[in-house]
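Note: hydrogens, waters and symmetry copies are ignored here, and every other heavy atom, side chains too, is used. Whatever order the structure lists ligands and atoms in, that order sets their numbers, starting from 1.
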Amino acid sequence: MSNRVRGLRSIELEVPNLGAARKFFTEVWRLSEVEAGSSAAYFRGTGRYHHILALHAASGGAAVRRVVFDASDRDSVRAFHSAIAGRGHQCTRLAESKGPGGGYGFDFVDQEGRRFGIVCEVADHADDADVADRPRKIAHVNLNAVDVNGTNAFLIDNLGFSLIDQSGPLSFLHCANTDHNSVVVCGAAKPTINHIAFELPDLHAVMRGAGRMRDAGYPIEWGPGRHVAGDNVFAYFAGPEEIPLEYTSDVMQVDDSYVPHGPEYWKWPAGRMDQWGITPPHSQRWKRIQDMLSFSTAPLVD
Ligand SMILES: [Fe+2]
């Protein structure tokens, strides 16, 4: 498929306590607020994207409003719309975005009820220099899927992802950039979000971030360690409302010469859960929350 998304731009969450979440994501997680009102707040990383996280005040529990991908231009967005609507998936109309950063795009829902958006021409920032201990961008979202093959096929056929590696229950999906993966699909009982990973500049920032999280009352739930597929360093936490979060760094950079492998290749040495062999198993809390964050079920609105 020649039409491919360029990356994972942002995630939008609904949270019951907007004030507490704003304080966490700026002071502890170290994003920068770019726009805020009484009912929503928008945060950038050090990369160019206008915002990588949006928080919306909501009366229920935490939920995902949508995961937004970046497209190159209007022709690309129109082609995505035509393909996704043409296969019978629910889509909003193509439109200019009235939200912060603007842009042109649409929202859609996949066969398991996940909410996505695709947008181009967003008013992104001119600066993108790394800043110590501040996230650049979202490295990946890990989507829990009842039907892994069907979910992979949706992302491959409609958004131009390619299946770059498979390890245990995990499928790693690569799009039109040099990161090994931007989406991970995990076999699960419900189509929830397994976790959201934010990319820090280096390993030291992940370790310092884990210390900062501990100091703020958010202990490490899994890690620190180094994944095998994707080669990235990781530390996992239960954030506000137990939103499952990851700090990561050193994501493998790939080109077209990368050779994908299956689960038979990505085998763990006995008793190990990461390359270094240092991380203990997931905490009980992590096992509980990694299948907890649902997508919003509110109707799509044009
Ligand atoms: Fe991850």
Worksheet entry | Tyr104 six-ring face occupied by Arg74 cation (under 6.0 Å, within 45°) |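 Yes, a cation-pi geometry.
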Item to complete: Could you walk me through whether Asp250 and Val206 pass side chain to side chain contact (heavy atoms under 4.5 Å, CB included), step by step?
Response: CA-CA 10 Å; Asp250 297 81; Val206 173; over 6 Å; no
Worksheet entry | Minimum-distance N/O/S atom that Glu246 presents toward the Fe ion (ligand 1) |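 Going through the N, O and S atoms of Glu246 one by one, OE1 ends up nearest to the Fe ion (ligand 1).
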Worksheet item: Cut-off 3.5 Å, side chains only: do Glu246 and His140 have a donor facing an acceptor?
Response: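 On atom types as modelled, these side chains qualify, holding a pair under 3.5 Å.
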Discussion item. Side chains of Gln166 and Ser171: any donor to acceptor distance under 3.5 Å?
Written reply: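 Their side chains do contain a donor-acceptor pair, which is all the 3.5 Å distance test asks for.
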Fill in: At the Fe ion (ligand 1): angle between His195 atom NE2 and His140 atom NE2, to 10 degrees
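Seen from the Fe ion (ligand 1), NE2 and NE2 are separated by roughly 100°.
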Worksheet item: Just wondering, is there an N, O or S atom on His227 that's nearer than 2.8 Å to the Fe ion (ligand 1)?
Response: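 Of the N, O and S atoms in His227, none lies under 2.8 Å from the Fe ion (ligand 1), which means no.
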